[in-house]
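Convention: sequence-line order gives letters A, B, ...; per-chain numbering from 1.
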Amino acid sequence: MKRLYIHSASCISPQTSDMPVREFTPLAVPETASLSCIEPDYKSRIDPKMIRRMSRIIRMGFYTALESMEEAGQIRPGAIISATGLGCLEDTGLFIEKLINNREEMLSPTAFIQSTHNAVAAQVALSMQNHGYNHTWVQGGISFECAVEDAALWAAEHWGQPVLLTAADEVTKYSQQALQRFGLAGSDDGTPGITTGEGAMSMVVSTAKGSSSVSIDACETMYAPGDEHAVLQVMEQWIRQHVSSDEKLLLLNGGIGERYINFFDSVFSMIKPAENIAFKKYCGEYPVASAFAVWTAWKALQEGMAPVAVIVNRDPRGYCSFIVLRRC
Amino acid sequence: MNTRVWVAGIGVISAIGRNAAENFAALRAGRTGIGPLHHLETIHRDVFPCGEVNLSNTALAELAGLDPHLPRTVLLSMIAAQEAFASSGLDPGLLADSAFISANTIGGMDRTEYYMHHLLTGTDIPRLEDVQYHDGGAVTALVASALGIKRHIRTISTACSSSANAIMHAARMIKAGEIDIAIAGGADALCRFTLNGFNTLMILDTAPCKPFDEERKGLNLGEGAGYVVLVSDRLKENVKTVFAELTGYCNANDAYHQTASSAEGTGSALAMEGAMKMAGLRPSYIGYINLHGTGTPNNDLSEGTAITRIFGENKPAVSSTKSFTGHTLGACGGIEAVYSAVAVQQGERYPSLRFATPMKEFELAPVTEYAGNTNLRHVMSNSFGFGGNCTSLIFSKAE
């Protein structure tokens, strides 16, 4: 892919966003719980009337989009590309709940309207009267990576024009309950599991360096459920192709608890990172968790933790991704 | 970057047929697929006619070669994607490095509804299998796995323009040299979620829809799947049939309202103009437009206004095949791309059904009779969706 320079980034996560990466705190919550975002004072950027009308995920995604565009110098993006693994779950759940409880009668349209996957990208376009390219990617644990690849493609077709990349997923009572039943999230009866999470992240990228100091140099994905051997083979190729053995690397690994422990052991021996962060300790497991990792890497590189960051993510559905960022 | 993009395969399942041959037979004969629901369980069964694929999940699963407990969208998607690839005549060994770029808006919602029903009413134990494939990405991943595609798996969800965007994305990947073959399009099954959702918006017609008619009352929902196989120049010689060339595409946003289109059709005009600019075509070169044409007062006014502004006195023939299939949401861009590619290949135009009275706002009457042997060079296919997402594709006669 064409190198993308990051001009700004904004994130809403369970972490306080102005904290240096070294001071991020693993959130000590029981495995039965999910990590919730620390939400900002939305009124600082969004009209209160609009805030009331928006669902939480739209609010979070929209806020990060506004902040990142503002920090990139009030840019007007040529393209708006968004990602979400599960879409607007709160409103989806609400509409189904009413549909079942009211036996398909006397329903109101609000939840249905806000349940569409492209609601965040549409809201951004609508609020700034942006008629440009507008896309929403939905691919489980590699939704954000699909958006990054599309951004790189679009940015190569439109040299120098800025792209707004945005990603968001939310936890709801129904999604958490289903994950507990799947044995993915921990349960009250003592069944161990992983801590789930949520978050929104937006960034402005382009092929022009400008004053940017961090670039995304590679983004690779694959889907191979259950086939550890194949995943490791491909991972080895990606590492050979995109990083050199004498680079001082920061690894952001998507392992969580005991999950993928053998896989990440193999990755460590291939990459030999100087620094290592298991990023899901800070954000939990959710489809676009790698967007949190990219934001963390962008911060960490600027804070001087390393010149290169490699993000390796796995998710329970069989997706695997590999992203490289460099200080430039 | 210089390769052209060719349509080398087609696959479609809809209310008017379970494969391409059945679909085109119905289009040529003017036989609608819109009627009463037989399979979807809903209290609205006798109220809203729909374009339902008249096969049970068991029958669909048999055609797809998949488990009948999978979401209906997966079954529909597999049937059409399989047909599309088979029709290309390409070696299945090439699938591993191909891309599957698909679209849907509801994912596994039909199964989620059962899960939630049991969860909320306590009538039965909610089965986890029913929510396992809730997300749209899971639908694509399942079909990709069944086809043998691992690397390039992508799902787009931009409401009713989703599968037109999937085709556009596949073409961009081919032009960028990332892939040589893509199966691109989309699928959506009927479910209570969307039927009730559109009902709350009060845009469903209780009779079969009448796109672009002064008396139009709304849309009929439909279901199905449509895929094209796109290939680069490098593989053009290896395919059985080159149906058409994809010469233009454009994605633009109306930026007007979350669910309604602007009266002037800002987004749709930008999409149509952008696609023609890319193809290097003046409006007079477009011989036929397969309209988005949902039959809602709002869409048809907006789309017609944009067409009138762009094409002026020389409007091409237009029609809405949603009068046959209903509005298949995430599948319509794919289904209508198949119709448009074959229209330009065969030089034929499909009618709009039930059109009687022209709209008073402009002079734009859809064609109501099938026409074959026309000298068609370029066909435009429009797909517009919630969130202002507008996409136009142009299929040209393969030279």
Side-chain angles (χ1 to χ4, degrees), chain A residues 80 84-87 92-93 95-97 99-101 103-105 107-109 112-119 121-123 125-126 128-143 146 149-150 153-154 156-157 174 177-178 181-182 221-225 230 287 317-319, chain B residues 42-44 104-105 107 109 112-113 115-117 119-121 126 128 131-132 134-138 140-141 144-145 150-151 153-159 165 169 172-173 176 178 192-193 195-202 251-259 266-267 270 385-389:
Chain A
I80 298 169
T84 178
L86 291 162
T92 304
F95 194 74
I96 303 181
E97 186 186 288
L99 185 155
I100 289 165
N101 290 341
R103 297 167 193 271
E104 302 186 64
E105 284 175 307
L107 303 170
S108 80
F112 177 69
I113 293 169
Q114 297 211 28
S115 74
T116 50
H117 286 75
N118 60 340
Q123 183 62 57
L126 185 56
M128 59 194 302
Q129 288 298 295
N130 189 307
H131 297 290
Y133 180 88
N134 193 297
H135 235 169
T136 298
W137 293 94
V138 178
Q139 198 62 54
I142 54 166
S143 303
C146 290
E149 289 184 342
D150 187 18
L153 191 55
W154 194 91
E157 293 163 346
Y174 291 125
Q177 197 177 32
R181 285 165 182 252
F182 272 119
T221 62
M222 75 174 301
Y223 175 67
R317 300 296 283 277
Y319 296 103
Chain B
T42 166
I43 66 156
H44 305 300
N104 66 70
T105 65
M109 185 66 82
T112 303
E113 286 168 4
Y115 172 88
M116 289 293 286
H117 182 85
L119 187 76
L120 293 168
T121 60
L128 279 175
V131 273
Q132 194 173 356
H134 169 77
D135 62 301
T140 306
S145 288
K150 279 189 179 164
R151 264 204 73 190
I153 302 172
R154 300 281 179 270
T155 310
I156 289 163
S157 197
T158 54
N165 278 328
H169 190 75
R172 289 167 63 220
M173 285 176 80
E178 292 176 18
R192 286 185 290 164
F193 189 90
L195 186 65
N196 282 281
F198 279 86
N199 187 25
T200 63
L201 295 170
M202 295 185 289
N251 161 315
N253 197 283
D254 198 35
Y256 172 73
H257 187 270
Q258 193 61 252
T259 59
T266 311
L270 284 169
F386 282 4
N389 280 99

**Asked** How far does CD of A/Gln114 sit from OG1 of B/Thr259, to the nearest 0.5 angstrom?
**Response** 11.0 Å
**Message:** Would the distance check show the side chain of A/His131 and the main-chain N or O of B/Ala252 forming a donor-acceptor pair, the cut-off being under 3.5 Å?
**Reply:** no
**Asked** Quick one: what part of B/Leu270 sits under 4.5 Å from any heavy atom of chain A, side chain, backbone, both or neither?
**Response** side chain
**Prompt:** Can you check whether A/His117 reaches B/Phe386 side chain to side chain, under 4.5 Å on heavy atoms?
**Reply:** no
**Prompt:** At a heavy-atom separation under 4.5 Å, does B/Met173 approach chain A through its side chain, its backbone, both, or neither?
**Reply:** both
**Prompt:** With only heavy atoms counted, which part of A/Ser115 is less than 4.5 Å from chain B, the side chain, the backbone, both or neither?
**Reply:** side chain
**Message:** Tell me if the centroids of the rings in B/His169 and A/Trp137 come within less than 6.0 Å of each other.
**Reply:** yes
**Prompt:** Does any heavy atom of chain B fall under 4.5 Å from the side chain of A/Asn101, the backbone, both, or neither of them?
**Reply:** side chain
**Item:** side-chain contact (heavy atoms from CB on, under 4.5 Å) assessment of A/Ile96 paired with B/Thr112
**Value:** CA-CA 9 Å; A/Ile96 303 181; B/Thr112 303; 4.0 Å; yes
**Item:** Contacting region of B/Glu178 [heavy-atom separation from chain A under 4.5 Å]
**Value:** side chain
**Asked** Where does A/Ile142 contact chain B at under 4.5 Å (heavy atoms): side chain, backbone, both or neither?
**Response** side chain
**Complete:** Output for pair (A/Thr136 OG1, B/Asn165 CG), nearest 0.5 Å, gives 9.0 Å
**Request:** Return yes if some donor-acceptor pair links the side-chain N/O of B/Asp135 with the main-chain N/O of A/Val138 below 3.5 Å, else return no.
**Result:** no
**Check against side-chain contact (heavy atoms from CB on, under 4.5 Å), B/Leu201 and A/Ile113** = CA-CA 9 Å; B/Leu201 295 170; A/Ile113 293 169; 3.7 Å; yes
**Asked** Looking at B/Thr105, B/Asp254, B/Thr121, which one has more heavy-atom pairs under 4.5 Å with chain A than the rest?
**Response** B/Asp254
**Message:** So does B/Asn196 get a backbone contact from the side chain of A/Glu104, meaning a donor-acceptor N/O pair under 3.5 Å?
**Reply:** no
**Request:** Return the set of residues passing salt bridge (charged side-chain N to carboxylate O under 4.0 Å, His left out) with A/Glu97 (not counting sequence neighbours), or none when no residue passes.
**Result:** A/Lys173
**Request:** Determine whether the side chains of B/Asn251 and A/Asn134 contain a donor N or O and an acceptor N or O closer than 3.5 Å.
**Result:** no
**Request:** Write down the atom of A/Leu153, the atom of B/Ala176, and the distance for their closest heavy-atom approach.
**Result:** CD1-CB, 3.4 Å
**B/Asn253 side chain reached by A/Gln129 side chain, heavy atoms, under 4.5 Å** = no
**Fill in**
For A/Tyr319 and B/Gly137 the tightest heavy-atom approach is OH-O, 3.8 Å
**Message:** Run A/Met222 and B/Ile153 through side-chain contact (heavy atoms from CB on, under 4.5 Å) and show every step you take.
**Reply:** CA-CA 8 Å; A/Met222 75 174 301; B/Ile153 302 172; over 6 Å; no
**Message:** Counting only non-hydrogen atoms closer than 4.5 Å, does A/Ser108 touch chain B with its backbone (N, CA, C, O), its side chain (CB onward), both, or neither?
**Reply:** backbone
**Fill in**
Rounded to the nearest 0.5 Å, the OG1 atom of B/Thr158 sits from the CG atom of A/Asn118 at a distance of 6.0 Å
**Message:** Taking side chain as everything from C-beta outward and backbone as N, CA, C, O, which of these in A/Leu99 sits under 4.5 Å from a heavy atom of chain B? Side chain, backbone, both or neither.
**Reply:** side chain
**Asked** Can you tell which of B/Leu195, B/Asn389, B/Val131 has the highest number of heavy-atom pairs within less than 4.5 Å of chain A?
**Response** B/Asn389
**Item:** Min side-chain heavy-atom separation B/Arg172-A/Trp154 under 4.5 Å
**Value:** yes
**Item:** Structural part of A/Leu126 lying under 4.5 Å from a heavy atom of chain B
**Value:** both
**Request:** Specify whether B/Phe193 and A/Phe112 have parallel, tilted or perpendicular ring planes, treating 30° as the upper limit for parallel and 60° as the lower limit for perpendicular.
**Result:** tilted
**Side chain / backbone / both / neither for B/Tyr115 at chain A, heavy atoms under 4.5 Å** = side chain
**Asked** Are the side chains of A/Arg181 and B/Pro126 in touch, meaning some heavy atoms are under 4.5 Å apart?
**Response** yes
